[in-house]
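Each residue takes its place number in the sequence, starting with 1.
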Amino acid sequence: MRRTLEWGRGVGFPVPVTIADIAPRTALQQRYWDPALTEPAQWNPVLEALHSHRSVRRYLPDPLTDETLDVLVSAAQSAATSSNLQAWSVVAVRDPDRKARLAALAGDQAHIVEAPVLLVWLADFARVRQLAGDRGAPIEGADFLESSYLGFIDAALAAQNAVTAAESLGLGTVFIGAIRNKPEEVAAELGLPPHVFAVFGLVVGHPHPDADAQIKPRLPRAAVLHHEKYDLPAQRDHVGAYEGRIAAFYSAQQLEHSWIERVLDRLASAARLNGRDRLKESLIRLGFPLR
């Protein structure tokens, strides 16, 4: 494609420049939309897989075997967990009707229905509370905000391991944060007991040949990596450079987007949170006191 990018639209390349001139080739170059980057000496297949991550939103109907699901869960359980509490669980949803109902609760995302499996990752304190109840042991510490954080973080770490494992097998994935749009309804659909909260979903399946999932550029490393002390003023130039690079990425897909405008729009009001503005209330109702 020989599409010319104009100076002044935030792209940051002098004219005349075309997508063909600046299009990255390697996974590292694509991750930062910078064709000048070279792979470091330590590069290996694991790093290649991590840098090649992309969200897939079109799937074939091919099922996911129990063996594959077991491997994804064992990979998830190999992630770090605070104090080995393992305060998470996951529900594998394969039933088409249940997936359809959950999709409706999560903004009618078609790929939830299309893919063979939706994994719903849970912050789970029901298990440890049951242990305490069986032994008559105190468990006041589970009522505090710190413990809720622990469950959310453990679930996220486990799910990311599962994503890496799935992608190593040639599968596609996409996280579903909209599972938190209507937490009580999701809990009812999944039969969650008190003290269990659905943190997010993860669609897993075989990517459709026409999915055309791309490696989306991230902020420059210099925007997120600070040395010794946090430096907010220095981020402006790096964010500005990113606005240009991701504009080039979107242009290559025949899209016109501003990352900055999209970020600000996403956080402009409580209404833009699509129900998640009442997350604290939902957590308390579902057994997380948040003391």
> Between S89 and L122, is there a donor-acceptor pair closer than 3.5 Å when you use the side chain of the first and the backbone of the second?
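Here the side-chain-to-backbone pair does not exist.
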> Quick one, W259 with V239, criterion side chain to side chain contact (heavy atoms under 4.5 Å, CB included). Give me CA distance, side-chain angles, the key distance, then yes/no.
CA-CA 10 Å; W259 178 78; V239 172; 3.8 Å; yes
> Using modelled atom types and a 3.5 Å cut-off, is there a donor and acceptor pairing between side-chain atoms of H195 and backbone atoms of F125?
no
> Taking the six-membered ring of Y32 as reference, does the cationic atom of R221 (NZ for Lys, CZ for Arg) lie under 6.0 Å from its centre and within 45° of its axis?
yes
> If we ignore hydrogens and angles and just use 3.5 Å, is the side chain of R127 paired with the main-chain N or O of W88 as donor and acceptor?
yes
> Would L72 and L64 satisfy side chain to side chain contact (heavy atoms under 4.5 Å, CB included), going step by step from the backbone distance to the final call?
CA-CA 11 Å; L72 300 187; L64 205 70; 4.3 Å; yes
> Show the numbers, then the answer: is there a salt bridge (Lys or Arg N to Asp or Glu O under 4.0 Å) between D143 and R129?
CA-CA 11 Å; D143 292 346; R129 285 180 180 275; 2.6 Å; yes
> Are side-chain heavy atoms of Y59 and V117 found at a separation under 4.5 Å?
no
> Is a side-chain donor or acceptor of R31 paired with a backbone partner of K216 at a separation under 3.5 angstrom?
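Judged by distance alone, yes, a pair lies under 3.5 Å.
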> Any side-chain heavy-atom pair from R25 and P35 closer than 4.5 angstrom?
no
> Are side-chain N/O atoms of N44 and Q42 paired as donor and acceptor at under 3.5 Å?
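There is no such pair between these side chains.
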> Between E140 and R291, is a salt bridge (Lys or Arg N to Asp or Glu O under 4.0 Å) present by the stated rule, with each step listed?
CA-CA 10 Å; E140 181 186 7; R291 291 174 54 190; 3.2 Å; yes
> I need the R98 CZ to R94 CZ distance, nearest 0.5 Å.
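Rounded to the nearest 0.5 Å, the CZ-CZ separation comes to 13.5 Å.
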> Please work out whether the ring planes of W43 and H51 are parallel, tilted or perpendicular, with thresholds of 30° and 60°.
tilted
> May I ask you to test the L119-T173 pair for a side-chain heavy-atom distance under 4.5 Å?
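No, side chains not in contact.
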> What pairs with S148 under side-chain hydrogen bond (donor to acceptor under 3.5 Å, both in side chains), at least two apart in sequence or on another chain?
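Listed in chain order: nothing, the list is empty.
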> Is there side-chain contact between D154 and S82, with at least one heavy-atom pair below 4.5 Å?
yes
